Novice: 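Right, I'll just put the structure down here and ask away after.
Chain naming here is simple, since letters A, B, ... match the order of the sequence lines and numbering starts at 1 in each. This structure is a prediction, so every number in the text was calculated from the model and none was measured.
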Amino acid sequence: MRARALPWAILLISALAYPLAVAADGGTRFPDRAECRHAAKTDGNLEAVFGRFSSTTGAAPVLRRALEVGFKGTRIEWDGCGLLKVALPGIPTLRVGQDFIAEARRVGFNPHLEHTSP
Amino acid sequence: MNAHSIAGLIALNLYLLVVGIAVLFGVRGWVSWGELLRLSGFAYMLGVAATGVALVTELVAGLDLSLLSVLATGLVLAVASGLAGHAVGHSLPRGRSVRVRLSGTAALFGALLIVYSEALFRSGRLAGLYEFDGWAFWVPKGEAIYFFGGLDRQFFAELPGQSYPPLVPAFEATAFSFMGSADVVTLHLQFWFFFIGFLTAVIGLLSPHVPPILLWPPILLLAVAPHVVGHALQEQGDFILDEFFALAALLAGLWLIDHRPWELAGVVLFSAAAMSSKREGYLLLACIGVAALVASSRQVRLMWPRLLLAGTIAVALTLPWRVFLHVRHLSSGGAEAGGLGLFAHADRAWPSLRLATSATFDYDIWLIVAPLMLLAILAAAMAGATRLAAYASFVVVLAISAFTWVTWAFPSLPITKEAALNPIVRLTGSLAFASTVLIPPLLTSAWRGRGSGGIA
(Lines give C-alpha, C1' and ligand atoms only; values in the text may rest on other atoms or scores of the structure.)
Protein backbone atom coordinates (compact mmCIF):
# COMPACT_ATOMS: atom_id res chain seq x y z
CA MET A 1 0.00 0.00 0.00
CA ARG A 2 2.81 2.39 0.99
CA ALA A 3 4.76 1.51 -2.17
CA ARG A 4 1.71 2.27 -4.28
CA ALA A 5 1.15 5.62 -2.62
CA LEU A 6 4.76 6.80 -3.01
CA PRO A 7 4.59 7.68 -6.75
CA TRP A 8 1.40 9.66 -6.17
CA ALA A 9 3.03 11.46 -3.25
CA ILE A 10 5.94 12.43 -5.53
CA LEU A 11 3.48 13.89 -8.03
CA LEU A 12 1.53 15.75 -5.37
CA ILE A 13 4.63 17.24 -3.75
CA SER A 14 6.03 18.37 -7.10
CA ALA A 15 2.67 19.88 -8.03
CA LEU A 16 2.64 21.90 -4.81
CA ALA A 17 6.33 22.80 -4.73
CA TYR A 18 6.33 25.27 -7.62
CA PRO A 19 3.29 27.34 -6.57
CA LEU A 20 4.53 27.37 -2.98
CA ALA A 21 7.96 28.57 -4.11
CA VAL A 22 6.30 31.32 -6.14
CA ALA A 23 4.07 32.27 -3.23
CA ALA A 24 7.05 32.39 -0.85
CA ASP A 25 8.69 34.88 -3.21
CA GLY A 26 5.99 37.47 -2.67
CA GLY A 27 2.87 35.76 -3.91
CA THR A 28 1.03 35.72 -7.18
CA ARG A 29 -0.01 39.11 -8.44
CA PHE A 30 -3.25 39.58 -10.33
CA PRO A 31 -3.41 42.80 -12.33
CA ASP A 32 -6.28 45.14 -11.66
CA ARG A 33 -8.23 47.22 -14.18
CA ALA A 34 -7.13 50.31 -12.28
CA GLU A 35 -3.57 49.66 -13.50
CA CYS A 36 -4.53 51.06 -16.90
CA ARG A 37 -5.35 54.42 -15.32
CA HIS A 38 -2.23 56.53 -15.12
CA ALA A 39 -3.11 59.75 -13.28
CA ALA A 40 -1.44 62.78 -14.85
CA LYS A 41 1.51 64.05 -12.81
CA THR A 42 3.81 65.61 -15.38
CA ASP A 43 3.44 67.43 -18.69
CA GLY A 44 3.30 65.55 -22.01
CA ASN A 45 1.12 62.79 -23.53
CA LEU A 46 -2.00 63.68 -21.58
CA GLU A 47 -5.65 62.97 -22.26
CA ALA A 48 -8.95 63.82 -20.63
CA VAL A 49 -10.95 60.66 -19.94
CA PHE A 50 -14.70 61.16 -19.76
CA GLY A 51 -15.42 57.64 -18.56
CA ARG A 52 -14.81 53.92 -18.98
CA PHE A 53 -17.40 51.46 -20.20
CA SER A 54 -17.68 47.73 -20.77
CA SER A 55 -19.46 48.17 -24.10
CA THR A 56 -19.98 50.66 -26.90
CA THR A 57 -23.62 50.90 -25.84
CA GLY A 58 -22.54 52.80 -22.73
CA ALA A 59 -19.69 54.73 -24.35
CA ALA A 60 -21.44 55.98 -27.51
CA PRO A 61 -23.90 58.44 -25.84
CA VAL A 62 -21.05 60.04 -23.85
CA LEU A 63 -18.98 60.43 -27.02
CA ARG A 64 -21.94 61.89 -28.88
CA ARG A 65 -22.62 64.47 -26.15
CA ALA A 66 -18.93 65.43 -25.90
CA LEU A 67 -18.81 66.04 -29.64
CA GLU A 68 -22.09 67.96 -29.52
CA VAL A 69 -20.75 70.43 -26.95
CA GLY A 70 -17.67 70.98 -29.12
CA PHE A 71 -14.94 68.75 -27.71
CA LYS A 72 -13.62 67.85 -31.16
CA GLY A 73 -11.20 64.94 -31.33
CA THR A 74 -12.88 63.00 -28.52
CA ARG A 75 -13.00 59.31 -29.39
CA ILE A 76 -13.63 55.82 -28.06
CA GLU A 77 -10.63 53.53 -27.63
CA TRP A 78 -9.57 50.45 -25.70
CA ASP A 79 -7.82 51.22 -22.44
CA GLY A 80 -5.69 48.04 -22.47
CA CYS A 81 -7.56 46.49 -19.54
CA GLY A 82 -10.64 45.28 -21.37
CA LEU A 83 -12.64 48.51 -21.09
CA LEU A 84 -13.58 51.21 -23.59
CA LYS A 85 -12.70 54.76 -22.67
CA VAL A 86 -14.14 57.98 -24.07
CA ALA A 87 -11.14 60.28 -24.18
CA LEU A 88 -9.79 63.46 -25.70
CA PRO A 89 -6.07 62.97 -26.39
CA GLY A 90 -3.42 65.49 -27.37
CA ILE A 91 -3.38 67.65 -24.24
CA PRO A 92 0.19 69.00 -23.98
CA THR A 93 0.52 70.19 -20.35
CA LEU A 94 -1.08 69.79 -16.92
CA ARG A 95 -2.11 73.45 -17.00
CA VAL A 96 -3.97 73.10 -20.29
CA GLY A 97 -5.53 69.91 -18.96
CA GLN A 98 -6.78 71.58 -15.78
CA ASP A 99 -8.29 74.41 -17.84
CA PHE A 100 -10.02 71.85 -20.04
CA ILE A 101 -11.38 69.93 -17.04
CA ALA A 102 -12.82 73.14 -15.58
CA GLU A 103 -14.48 73.89 -18.91
CA ALA A 104 -15.87 70.35 -19.18
CA ARG A 105 -17.32 70.52 -15.66
CA ARG A 106 -19.24 73.63 -16.63
CA VAL A 107 -21.14 71.60 -19.26
CA GLY A 108 -21.85 68.64 -17.01
CA PHE A 109 -18.87 66.32 -17.54
CA ASN A 110 -16.48 65.11 -14.88
CA PRO A 111 -13.36 64.00 -16.80
CA HIS A 112 -10.02 62.94 -15.33
CA LEU A 113 -6.63 63.87 -16.61
CA GLU A 114 -4.46 60.82 -17.40
CA HIS A 115 -1.26 59.96 -19.16
CA THR A 116 -2.01 58.15 -22.41
CA SER A 117 -1.26 54.42 -22.24
CA PRO A 118 2.41 53.69 -22.87
CA MET B 1 -9.49 40.77 -14.10
CA ASN B 2 -6.92 38.09 -14.85
CA ALA B 3 -8.28 35.74 -12.15
CA HIS B 4 -11.82 36.15 -13.49
CA SER B 5 -10.60 35.36 -17.01
CA ILE B 6 -8.65 32.32 -15.81
CA ALA B 7 -11.79 31.02 -14.09
CA GLY B 8 -13.63 31.45 -17.41
CA LEU B 9 -10.98 29.49 -19.28
CA ILE B 10 -11.07 26.69 -16.70
CA ALA B 11 -14.85 26.49 -17.22
CA LEU B 12 -14.42 26.37 -21.01
CA ASN B 13 -11.85 23.59 -20.84
CA LEU B 14 -13.87 21.55 -18.38
CA TYR B 15 -16.73 21.88 -20.85
CA LEU B 16 -14.46 20.65 -23.67
CA LEU B 17 -13.39 17.74 -21.47
CA VAL B 18 -17.00 16.77 -20.78
CA VAL B 19 -17.83 16.91 -24.50
CA GLY B 20 -14.68 14.88 -25.22
CA ILE B 21 -15.60 12.22 -22.66
CA ALA B 22 -18.93 11.81 -24.44
CA VAL B 23 -17.14 11.56 -27.81
CA LEU B 24 -14.73 9.00 -26.30
CA PHE B 25 -17.75 6.99 -25.14
CA GLY B 26 -19.12 7.15 -28.67
CA VAL B 27 -15.98 6.03 -30.49
CA ARG B 28 -14.27 3.79 -27.93
CA GLY B 29 -15.82 3.53 -24.46
CA TRP B 30 -13.80 2.50 -21.40
CA VAL B 31 -13.67 -0.63 -19.26
CA SER B 32 -12.89 1.06 -15.94
CA TRP B 33 -12.94 4.53 -14.40
CA GLY B 34 -9.18 4.29 -14.06
CA GLU B 35 -8.93 3.84 -17.82
CA LEU B 36 -11.12 6.91 -18.34
CA LEU B 37 -8.79 8.88 -16.05
CA ARG B 38 -5.78 7.68 -18.05
CA LEU B 39 -7.47 8.70 -21.30
CA SER B 40 -8.80 12.02 -20.01
CA GLY B 41 -6.20 14.00 -22.01
CA PHE B 42 -7.19 12.07 -25.13
CA ALA B 43 -10.86 12.71 -24.34
CA TYR B 44 -10.12 16.41 -23.93
CA MET B 45 -8.40 16.58 -27.32
CA LEU B 46 -11.31 14.67 -28.88
CA GLY B 47 -13.61 17.31 -27.37
CA VAL B 48 -11.47 20.12 -28.78
CA ALA B 49 -11.39 18.52 -32.24
CA ALA B 50 -15.10 17.67 -32.40
CA THR B 51 -16.23 21.02 -31.02
CA GLY B 52 -13.80 22.89 -33.29
CA VAL B 53 -15.01 21.19 -36.46
CA ALA B 54 -18.64 21.75 -35.42
CA LEU B 55 -18.05 25.45 -34.67
CA VAL B 56 -16.40 25.98 -38.07
CA THR B 57 -19.39 24.38 -39.78
CA GLU B 58 -21.80 26.56 -37.80
CA LEU B 59 -19.90 29.74 -38.68
CA VAL B 60 -19.88 28.79 -42.34
CA ALA B 61 -23.64 28.14 -42.14
CA GLY B 62 -24.09 31.70 -40.90
CA LEU B 63 -24.92 30.90 -37.28
CA ASP B 64 -23.87 33.36 -34.60
CA LEU B 65 -21.26 32.06 -32.19
CA SER B 66 -22.61 32.99 -28.79
CA LEU B 67 -22.07 31.35 -25.41
CA LEU B 68 -25.47 29.72 -25.72
CA SER B 69 -24.79 28.34 -29.21
CA VAL B 70 -21.43 26.92 -28.07
CA LEU B 71 -23.07 25.18 -25.11
CA ALA B 72 -25.84 23.88 -27.36
CA THR B 73 -23.23 22.55 -29.81
CA GLY B 74 -21.53 20.64 -27.01
CA LEU B 75 -24.83 19.26 -25.83
CA VAL B 76 -25.73 18.02 -29.32
CA LEU B 77 -22.27 16.46 -29.75
CA ALA B 78 -22.47 14.79 -26.34
CA VAL B 79 -25.97 13.39 -26.88
CA ALA B 80 -25.13 12.18 -30.41
CA SER B 81 -21.93 10.54 -29.16
CA GLY B 82 -23.76 8.95 -26.24
CA LEU B 83 -26.39 7.49 -28.55
CA ALA B 84 -23.71 6.29 -30.99
CA GLY B 85 -21.78 4.63 -28.17
CA HIS B 86 -24.92 2.98 -26.86
CA ALA B 87 -25.81 1.77 -30.36
CA VAL B 88 -22.45 0.03 -30.78
CA GLY B 89 -22.70 -1.59 -27.35
CA HIS B 90 -20.53 0.64 -25.16
CA SER B 91 -21.59 0.86 -21.55
CA LEU B 92 -20.34 2.45 -18.35
CA PRO B 93 -18.26 0.35 -15.92
CA ARG B 94 -20.20 -1.01 -12.96
CA GLY B 95 -17.63 -0.56 -10.23
CA ARG B 96 -16.88 2.80 -8.69
CA SER B 97 -13.19 2.36 -7.92
CA VAL B 98 -10.67 4.50 -9.78
CA ARG B 99 -7.36 2.66 -9.85
CA VAL B 100 -4.47 3.91 -11.95
CA ARG B 101 -1.10 2.21 -11.63
CA LEU B 102 1.76 4.64 -11.48
CA SER B 103 5.37 3.44 -11.50
CA GLY B 104 8.17 5.26 -9.74
CA THR B 105 9.78 6.14 -13.09
CA ALA B 106 6.51 7.58 -14.39
CA ALA B 107 6.07 9.55 -11.16
CA LEU B 108 9.55 11.10 -11.44
CA PHE B 109 9.09 12.12 -15.07
CA GLY B 110 5.50 13.16 -14.33
CA ALA B 111 6.78 15.43 -11.54
CA LEU B 112 9.10 17.13 -14.04
CA LEU B 113 6.24 17.61 -16.48
CA ILE B 114 4.01 19.07 -13.77
CA VAL B 115 6.63 21.63 -12.72
CA TYR B 116 7.27 22.43 -16.40
CA SER B 117 3.55 22.95 -17.08
CA GLU B 118 3.19 25.17 -14.02
CA ALA B 119 6.12 27.32 -15.17
CA LEU B 120 4.68 27.50 -18.69
CA PHE B 121 1.33 28.54 -17.25
CA ARG B 122 3.04 31.26 -15.24
CA SER B 123 4.85 32.57 -18.32
CA GLY B 124 1.61 32.65 -20.32
CA ARG B 125 -0.63 34.25 -17.71
CA LEU B 126 0.52 37.79 -18.41
CA ALA B 127 2.10 37.30 -21.87
CA GLY B 128 1.68 40.11 -24.35
CA LEU B 129 0.31 39.73 -27.85
CA TYR B 130 3.52 40.42 -29.77
CA GLU B 131 3.59 37.73 -32.47
CA PHE B 132 2.90 39.30 -35.86
CA ASP B 133 0.37 36.86 -37.32
CA GLY B 134 -1.37 36.73 -33.95
CA TRP B 135 -2.23 40.42 -33.82
CA ALA B 136 -2.45 40.82 -37.61
CA PHE B 137 -5.26 38.34 -38.16
CA TRP B 138 -5.63 35.36 -35.80
CA VAL B 139 -6.81 37.35 -32.79
CA PRO B 140 -8.68 40.06 -34.79
CA LYS B 141 -10.67 37.26 -36.42
CA GLY B 142 -11.51 35.87 -32.96
CA GLU B 143 -12.48 39.34 -31.75
CA ALA B 144 -14.64 39.88 -34.84
CA ILE B 145 -16.51 36.63 -34.20
CA TYR B 146 -16.88 37.56 -30.53
CA PHE B 147 -18.17 41.08 -31.19
CA PHE B 148 -20.14 40.53 -34.43
CA GLY B 149 -21.28 36.94 -33.86
CA GLY B 150 -20.16 35.44 -37.15
CA LEU B 151 -17.82 35.80 -40.13
CA ASP B 152 -18.27 39.47 -40.99
CA ARG B 153 -18.19 39.71 -44.78
CA GLN B 154 -15.99 42.80 -45.15
CA PHE B 155 -13.68 42.21 -42.19
CA PHE B 156 -12.77 38.64 -43.15
CA ALA B 157 -12.25 39.66 -46.78
CA GLU B 158 -9.76 42.40 -45.89
CA LEU B 159 -7.62 40.60 -43.32
CA PRO B 160 -4.51 38.66 -44.32
CA GLY B 161 -4.75 34.85 -44.23
CA GLN B 162 -8.34 34.86 -45.46
CA SER B 163 -8.09 31.26 -46.71
CA TYR B 164 -7.27 29.95 -43.20
CA PRO B 165 -10.23 28.07 -41.76
CA PRO B 166 -11.66 29.66 -38.60
CA LEU B 167 -11.21 26.87 -36.02
CA VAL B 168 -8.68 28.83 -33.97
CA PRO B 169 -10.57 32.15 -34.19
CA ALA B 170 -13.74 30.27 -33.20
CA PHE B 171 -12.00 28.96 -30.08
CA GLU B 172 -10.59 32.42 -29.35
CA ALA B 173 -14.09 33.91 -29.61
CA THR B 174 -15.45 31.13 -27.39
CA ALA B 175 -12.69 31.80 -24.86
CA PHE B 176 -13.61 35.51 -24.87
CA SER B 177 -17.23 34.55 -24.20
CA PHE B 178 -16.25 32.36 -21.26
CA MET B 179 -13.84 35.02 -19.93
CA GLY B 180 -16.46 37.76 -20.27
CA SER B 181 -14.21 40.07 -22.31
CA ALA B 182 -11.76 40.12 -25.21
CA ASP B 183 -8.83 39.50 -22.85
CA VAL B 184 -6.04 38.87 -25.36
CA VAL B 185 -3.46 38.51 -22.58
CA THR B 186 -5.09 35.68 -20.64
CA LEU B 187 -6.06 34.10 -23.99
CA HIS B 188 -2.51 32.68 -24.14
CA LEU B 189 -3.58 30.23 -21.45
CA GLN B 190 -6.12 28.65 -23.79
CA PHE B 191 -3.16 27.49 -25.85
CA TRP B 192 -1.57 26.20 -22.65
CA PHE B 193 -4.64 24.01 -22.14
CA PHE B 194 -4.35 22.73 -25.72
CA PHE B 195 -0.65 21.92 -25.31
CA ILE B 196 -0.96 20.22 -21.92
CA GLY B 197 -4.05 18.38 -23.19
CA PHE B 198 -1.99 17.12 -26.11
CA LEU B 199 0.87 15.90 -23.88
CA THR B 200 -1.48 14.11 -21.48
CA ALA B 201 -3.34 12.59 -24.44
CA VAL B 202 -0.13 11.08 -25.80
CA ILE B 203 0.92 9.81 -22.38
CA GLY B 204 -2.51 8.31 -21.77
CA LEU B 205 -2.65 6.61 -25.16
CA LEU B 206 0.85 5.15 -25.04
CA SER B 207 1.38 4.32 -21.38
CA PRO B 208 -0.16 0.81 -21.53
CA HIS B 209 2.02 -0.10 -24.53
CA VAL B 210 5.31 1.64 -23.85
CA PRO B 211 7.68 1.39 -20.85
CA PRO B 212 7.90 4.72 -18.96
CA ILE B 213 11.62 5.06 -19.69
CA LEU B 214 10.88 5.08 -23.44
CA LEU B 215 7.71 7.16 -23.20
CA TRP B 216 8.53 10.16 -21.04
CA PRO B 217 11.99 11.33 -22.22
CA PRO B 218 10.93 12.06 -25.83
CA ILE B 219 7.90 13.97 -24.56
CA LEU B 220 10.00 16.02 -22.17
CA LEU B 221 12.52 16.57 -24.96
CA LEU B 222 9.82 18.16 -27.11
CA ALA B 223 8.49 20.17 -24.18
CA VAL B 224 11.87 21.81 -23.58
CA ALA B 225 12.73 22.36 -27.26
CA PRO B 226 13.58 26.06 -27.73
CA HIS B 227 10.80 26.64 -30.26
CA VAL B 228 8.20 25.09 -27.95
CA VAL B 229 9.34 26.99 -24.87
CA GLY B 230 9.36 30.24 -26.82
CA HIS B 231 6.22 29.91 -28.90
CA ALA B 232 3.86 27.18 -27.61
CA LEU B 233 1.38 29.69 -26.20
CA GLN B 234 1.23 31.96 -29.25
CA GLU B 235 -2.33 32.88 -30.16
CA GLN B 236 -1.99 31.36 -33.63
CA GLY B 237 -2.95 28.18 -35.42
CA ASP B 238 0.48 26.58 -35.73
CA PHE B 239 0.73 24.60 -32.50
CA ILE B 240 -2.84 23.36 -32.42
CA LEU B 241 -2.31 22.19 -36.01
CA ASP B 242 0.85 20.35 -34.89
CA GLU B 243 -1.03 18.78 -31.98
CA PHE B 244 -3.92 17.53 -34.11
CA PHE B 245 -1.51 16.32 -36.80
CA ALA B 246 0.64 14.43 -34.30
CA LEU B 247 -2.38 12.74 -32.70
CA ALA B 248 -3.67 11.74 -36.15
CA ALA B 249 -0.20 10.40 -37.02
CA LEU B 250 0.00 8.43 -33.76
CA LEU B 251 -3.47 6.91 -34.07
CA ALA B 252 -2.83 6.00 -37.72
CA GLY B 253 0.41 4.29 -36.65
CA LEU B 254 -1.36 2.39 -33.86
CA TRP B 255 -4.16 1.40 -36.24
CA LEU B 256 -1.65 -0.04 -38.71
CA ILE B 257 -0.51 -2.38 -35.94
CA ASP B 258 -3.66 -3.41 -34.12
CA HIS B 259 -6.54 -2.35 -36.46
CA ARG B 260 -8.88 -1.06 -33.73
CA PRO B 261 -11.79 0.91 -35.27
CA TRP B 262 -11.69 3.67 -32.62
CA GLU B 263 -8.14 4.53 -33.64
CA LEU B 264 -9.27 5.16 -37.20
CA ALA B 265 -12.23 7.19 -35.90
CA GLY B 266 -9.73 9.30 -33.98
CA VAL B 267 -7.65 9.74 -37.14
CA VAL B 268 -10.75 11.08 -38.92
CA LEU B 269 -11.59 13.54 -36.18
CA PHE B 270 -8.06 14.87 -35.64
CA SER B 271 -7.42 15.06 -39.40
CA ALA B 272 -10.59 17.08 -39.92
CA ALA B 273 -9.62 19.35 -37.03
CA ALA B 274 -6.09 19.80 -38.42
CA MET B 275 -7.44 20.71 -41.85
CA SER B 276 -9.88 23.12 -40.17
CA SER B 277 -7.01 24.82 -38.31
CA LYS B 278 -4.70 25.81 -41.15
CA ARG B 279 -4.62 25.22 -44.89
CA GLU B 280 -1.28 23.36 -44.48
CA GLY B 281 -3.35 20.70 -42.73
CA TYR B 282 -4.38 19.25 -46.10
CA LEU B 283 -0.76 18.84 -47.15
CA LEU B 284 0.31 17.31 -43.85
CA LEU B 285 -2.61 14.92 -43.63
CA ALA B 286 -1.89 13.78 -47.18
CA CYS B 287 1.56 12.78 -45.89
CA ILE B 288 -0.02 10.59 -43.19
CA GLY B 289 -2.50 9.11 -45.68
CA VAL B 290 0.13 8.19 -48.26
CA ALA B 291 2.50 6.87 -45.57
CA ALA B 292 -0.26 4.68 -44.12
CA LEU B 293 -1.25 3.40 -47.58
CA VAL B 294 2.35 2.52 -48.44
CA ALA B 295 2.99 0.89 -45.05
CA SER B 296 -0.12 -1.27 -45.43
CA SER B 297 0.49 -2.20 -49.08
CA ARG B 298 0.71 -5.90 -48.19
CA GLN B 299 -2.90 -5.83 -46.99
CA VAL B 300 -4.45 -3.71 -49.70
CA ARG B 301 -7.86 -5.33 -49.61
CA LEU B 302 -8.22 -5.21 -45.86
CA MET B 303 -6.77 -1.81 -45.06
CA TRP B 304 -6.90 0.48 -48.06
CA PRO B 305 -10.71 0.77 -48.27
CA ARG B 306 -10.84 1.72 -44.58
CA LEU B 307 -8.01 4.23 -44.93
CA LEU B 308 -9.54 5.77 -48.04
CA LEU B 309 -12.96 5.97 -46.39
CA ALA B 310 -11.43 7.64 -43.33
CA GLY B 311 -9.63 10.17 -45.51
CA THR B 312 -12.77 10.88 -47.50
CA ILE B 313 -14.84 11.52 -44.37
CA ALA B 314 -12.14 13.79 -42.91
CA VAL B 315 -11.93 15.87 -46.09
CA ALA B 316 -15.75 15.94 -46.37
CA LEU B 317 -15.95 17.49 -42.89
CA THR B 318 -13.85 20.42 -44.14
CA LEU B 319 -15.72 20.94 -47.42
CA PRO B 320 -18.15 23.57 -46.03
CA TRP B 321 -15.22 25.96 -45.52
CA ARG B 322 -13.93 25.38 -49.06
CA VAL B 323 -17.42 26.03 -50.43
CA PHE B 324 -17.63 29.15 -48.27
CA LEU B 325 -14.37 30.51 -49.76
CA HIS B 326 -15.72 29.89 -53.24
CA VAL B 327 -19.11 31.48 -52.55
CA ARG B 328 -17.59 34.59 -51.01
CA HIS B 329 -14.92 34.86 -53.73
CA LEU B 330 -12.12 34.65 -51.16
CA SER B 331 -8.60 33.43 -51.89
CA SER B 332 -8.39 29.64 -51.74
CA GLY B 333 -4.76 29.79 -50.61
CA GLY B 334 -3.31 27.86 -53.54
CA ALA B 335 0.36 27.82 -54.44
CA GLU B 336 1.77 31.14 -55.63
CA ALA B 337 3.71 29.51 -58.47
CA GLY B 338 0.66 27.59 -59.72
CA GLY B 339 0.61 24.00 -60.96
CA LEU B 340 3.39 24.09 -63.55
CA GLY B 341 5.08 27.13 -62.02
CA LEU B 342 7.39 24.84 -60.08
CA PHE B 343 9.33 24.15 -63.29
CA ALA B 344 9.75 27.86 -63.91
CA HIS B 345 11.34 28.12 -60.47
CA ALA B 346 13.37 24.89 -60.62
CA ASP B 347 16.39 26.75 -59.26
CA ARG B 348 14.58 27.00 -55.90
CA ALA B 349 14.17 23.22 -55.50
CA TRP B 350 17.54 22.39 -53.95
CA PRO B 351 17.76 25.46 -51.66
CA SER B 352 14.17 24.74 -50.53
CA LEU B 353 15.04 21.12 -49.69
CA ARG B 354 18.19 22.21 -47.87
CA LEU B 355 16.20 24.77 -45.87
CA ALA B 356 13.48 22.25 -44.93
CA THR B 357 16.03 19.66 -43.84
CA SER B 358 18.21 22.07 -41.90
CA ALA B 359 15.18 23.53 -40.07
CA THR B 360 13.98 20.04 -39.16
CA PHE B 361 17.39 19.05 -37.79
CA ASP B 362 18.30 22.43 -36.23
CA TYR B 363 19.42 21.84 -32.64
CA ASP B 364 18.61 25.42 -31.68
CA ILE B 365 14.99 24.91 -32.74
CA TRP B 366 14.06 21.28 -32.05
CA LEU B 367 17.05 19.93 -30.09
CA ILE B 368 17.64 16.31 -31.17
CA VAL B 369 14.04 15.30 -31.93
CA ALA B 370 14.69 14.58 -35.64
CA PRO B 371 17.96 12.60 -35.19
CA LEU B 372 16.28 10.60 -32.42
CA MET B 373 13.40 9.83 -34.79
CA LEU B 374 15.83 8.52 -37.41
CA LEU B 375 17.57 6.34 -34.83
CA ALA B 376 14.22 5.03 -33.56
CA ILE B 377 13.13 4.15 -37.11
CA LEU B 378 16.41 2.37 -37.76
CA ALA B 379 16.21 0.47 -34.47
CA ALA B 380 12.59 -0.57 -35.10
CA ALA B 381 13.39 -1.67 -38.66
CA MET B 382 16.34 -3.73 -37.45
CA ALA B 383 14.14 -5.34 -34.79
CA GLY B 384 11.62 -6.42 -37.41
CA ALA B 385 8.84 -3.89 -36.77
CA THR B 386 8.88 -3.11 -40.46
CA ARG B 387 5.36 -1.77 -40.82
CA LEU B 388 5.70 0.88 -38.12
CA ALA B 389 9.23 1.74 -39.28
CA ALA B 390 8.07 2.05 -42.90
CA TYR B 391 5.13 4.22 -41.87
CA ALA B 392 7.31 6.53 -39.78
CA SER B 393 9.95 6.74 -42.54
CA PHE B 394 7.38 7.77 -45.10
CA VAL B 395 5.88 10.35 -42.72
CA VAL B 396 9.35 11.91 -42.33
CA VAL B 397 10.26 11.82 -46.03
CA LEU B 398 6.87 13.09 -47.21
CA ALA B 399 6.70 15.83 -44.56
CA ILE B 400 10.16 17.14 -45.51
CA SER B 401 9.08 17.00 -49.17
CA ALA B 402 5.96 18.97 -48.27
CA PHE B 403 8.02 21.61 -46.42
CA THR B 404 10.31 21.81 -49.44
CA TRP B 405 7.34 22.30 -51.74
CA VAL B 406 6.00 25.19 -49.64
CA THR B 407 9.19 27.27 -50.05
CA TRP B 408 9.61 26.17 -53.67
CA ALA B 409 6.00 26.88 -54.70
CA PHE B 410 5.89 30.33 -53.09
CA PRO B 411 8.69 32.25 -54.87
CA SER B 412 8.03 35.36 -52.75
CA LEU B 413 9.36 33.47 -49.70
CA PRO B 414 13.10 34.03 -49.24
CA ILE B 415 15.30 31.04 -48.39
CA THR B 416 15.68 31.73 -44.70
CA LYS B 417 14.65 30.43 -41.30
CA GLU B 418 13.75 33.98 -40.25
CA ALA B 419 10.20 33.54 -38.93
CA ALA B 420 9.03 36.92 -40.22
CA LEU B 421 9.99 36.01 -43.78
CA ASN B 422 9.46 32.26 -44.19
CA PRO B 423 7.16 29.95 -42.18
CA ILE B 424 9.53 26.97 -42.46
CA VAL B 425 10.29 26.76 -38.73
CA ARG B 426 6.60 26.76 -37.82
CA LEU B 427 5.95 24.16 -40.53
CA THR B 428 8.61 21.79 -39.21
CA GLY B 429 6.78 21.83 -35.87
CA SER B 430 4.29 19.35 -37.28
CA LEU B 431 7.04 16.81 -37.97
CA ALA B 432 8.72 17.45 -34.61
CA PHE B 433 5.43 16.78 -32.83
CA ALA B 434 4.66 13.71 -34.96
CA SER B 435 8.18 12.38 -34.40
CA THR B 436 7.83 12.81 -30.65
CA VAL B 437 4.69 10.69 -30.53
CA LEU B 438 6.07 8.01 -32.86
CA ILE B 439 9.48 7.65 -31.19
CA PRO B 440 8.15 5.80 -28.09
CA PRO B 441 6.33 3.04 -30.02
CA LEU B 442 9.28 2.72 -32.42
CA LEU B 443 11.75 2.38 -29.57
CA THR B 444 9.46 -0.08 -27.80
CA SER B 445 9.33 -2.24 -30.90
CA ALA B 446 13.10 -2.20 -31.00
CA TRP B 447 13.33 -2.89 -27.24
CA ARG B 448 11.10 -5.94 -27.48
CA GLY B 449 13.18 -7.30 -30.32
CA ARG B 450 12.71 -9.24 -33.49
CA GLY B 451 9.42 -11.07 -33.86
CA SER B 452 7.41 -8.83 -31.58
CA GLY B 453 5.73 -7.31 -34.65
CA GLY B 454 4.71 -4.14 -32.89
CA ILE B 455 4.04 -2.51 -29.59
CA ALA B 456 0.69 -3.92 -28.52
Novice: Heavy atoms only, distances under 4.5 angstrom: which of B:Ala106, B:Gly104, B:Ala182, B:Ala107 has the most pairs with chain A? Name it, please.
Specialist: B:Ala107

Novice: Among B:Gly180, B:Gly110, B:Ala119, which has the most heavy-atom pairs under 4.5 Å with chain A?
Specialist: B:Ala119

Novice: Which bit of B:Ser117 comes within less than 4.5 Å of chain A, counting heavy atoms only: side chain, backbone, both or neither?
Specialist: neither

Novice: If you tally heavy-atom pairs under 4.5 Å against chain B, which of A:Ala17, A:Ala9, A:Pro19, A:Ser54 wins?
Specialist: A:Pro19

Novice: Can you tell me how far apart CZ (B:Phe121) and OH (A:Tyr18) are? Round to the nearest 0.5 Å.
Specialist: 11.0 Å

Novice: Is chain A contacted by the side chain of B:Leu126, its backbone, both, or neither, given a heavy-atom distance below 4.5 Å?
Specialist: side chain

Novice: Please check if the number of heavy atoms outside B:Gln154 that lie under 6.0 Å from its CD is greater than 12.
Specialist: no

Novice: Is B:Trp447 atom CH2 crowded by more than 12 heavy atoms from other residues, nucleotides or ligands, each under 6.0 Å away?
Specialist: no

Novice: Enter the distance from B:Phe147:CZ to A:Ser55:OG here, rounded to the nearest 0.5 Å.
Specialist: 10.0 Å

Novice: Using 0.5 Å steps for rounding, measure from the CD1 atom of A:Ile10 to the CG atom of B:Leu112.
Specialist: 10.5 Å

Novice: Can you establish whether the number of heavy atoms outside B:Asp152 located under 6.0 Å from its atom CG is more than 12?
Specialist: yes

Novice: Does CZ belonging to B:Arg153 count more than 12 external heavy atoms closer than 6.0 Å?
Specialist: no

Novice: Testing the basics here: between B:Glu118 and A:Ser14, what is the closest heavy-atom pair and its distance to 0.1 Å?
Specialist: OE1-O, 3.8 Å

Novice: To the nearest 0.5 Å, tell me how far B:Leu102 CG sits from A:Leu11 CG.
Specialist: 5.5 Å

Novice: Is B:Val100 close to chain A through its backbone or its side chain, or both, or neither, when contacts mean heavy atoms under 4.5 Å?
Specialist: both

